[in-house]
Amino acid sequence: GPLVFLVGGFVANARVTKVQRVDLRSLTTVDTGAVLPAPMSDGASVVIGGTAYLVGGEGSDGKASTAVSLLTLG
């Protein structure tokens, strides 16, 4: 659909735990209030049904992570 979720990433050159929703119709960004268990960037993601999976990435120490995080979309 027209919604994209931004999960983790970099803000002010630091990794973050934020989860934001972007509506591509109105080009607005909303902070969802959801957070990752730890700061993370550069993870891979896939959506199956109503669940998004964030796999791996880099943690706040810059090292590769093997974590898998789940986000239920609603």
Side-chain angles (χ1 to χ4, degrees):
L3 300 179
V4 174
F5 288 83
L6 304 175
V7 182
F10 280 100
V11 174
N13 206 28
R15 287 175 181 86
V16 296
T17 60
K18 291 168 53 162
V19 177
Q20 297 178 308
R21 182 182 69 234
V22 178
D23 186 327
L24 298 177
R25 293 171 295 197
S26 62
L27 298 178
T28 56
T29 302
V30 176
D31 191 349
T32 66
V35 293
L36 294 171
M40 188 67 55
S41 70
D42 303 301
S45 64
V46 65
V47 176
I48 301 172
T51 302
Y53 298 85
L54 178 66
V55 180
E58 291 185 9
S60 58
D61 59 2
K63 294 184 179 179
S65 171
T66 58
V68 176
S69 298
L70 305 177
L71 175 66
T72 302
L73 308 175

Can you see which heavy atom on [X] is nearest to which on [Y], and at what distance?
X   : Y   : result
M40 : G59 : SD-N, 4.0 Å
A67 : S65 : N-OG, 3.0 Å
T17 : A38 : CG2-C, 3.4 Å

| query | V4: which other cluster members, linking ILVMFWY side chains closer than 4.5 Å, directly or transitively? | reply | L6, V22, L24
| ILVMFWY cluster membership beyond V35 - transitive side-chain contacts under 4.5 angstrom | none
| said: Hydrophobic cluster membership, with links at side-chain heavy-atom distances under 4.5 Å among I/L/V/M/F/W/Y: are F5 and V16 in one? | reply: no
| remark: Sequence neighbours excluded, the answer for side-chain contact (heavy atoms from CB on, under 4.5 Å) partners of L27 is none
| task | Using side-chain contact (heavy atoms from CB on, under 4.5 Å) as the criterion, list what pairs up with P37, not counting sequence neighbours. | result | S69
| field | Inter- and intrachain pairs under side-chain hydrogen bond (donor to acceptor under 3.5 Å, both in side chains), touching residues 26-42, at least two apart | value | R15-S41, S26-T28
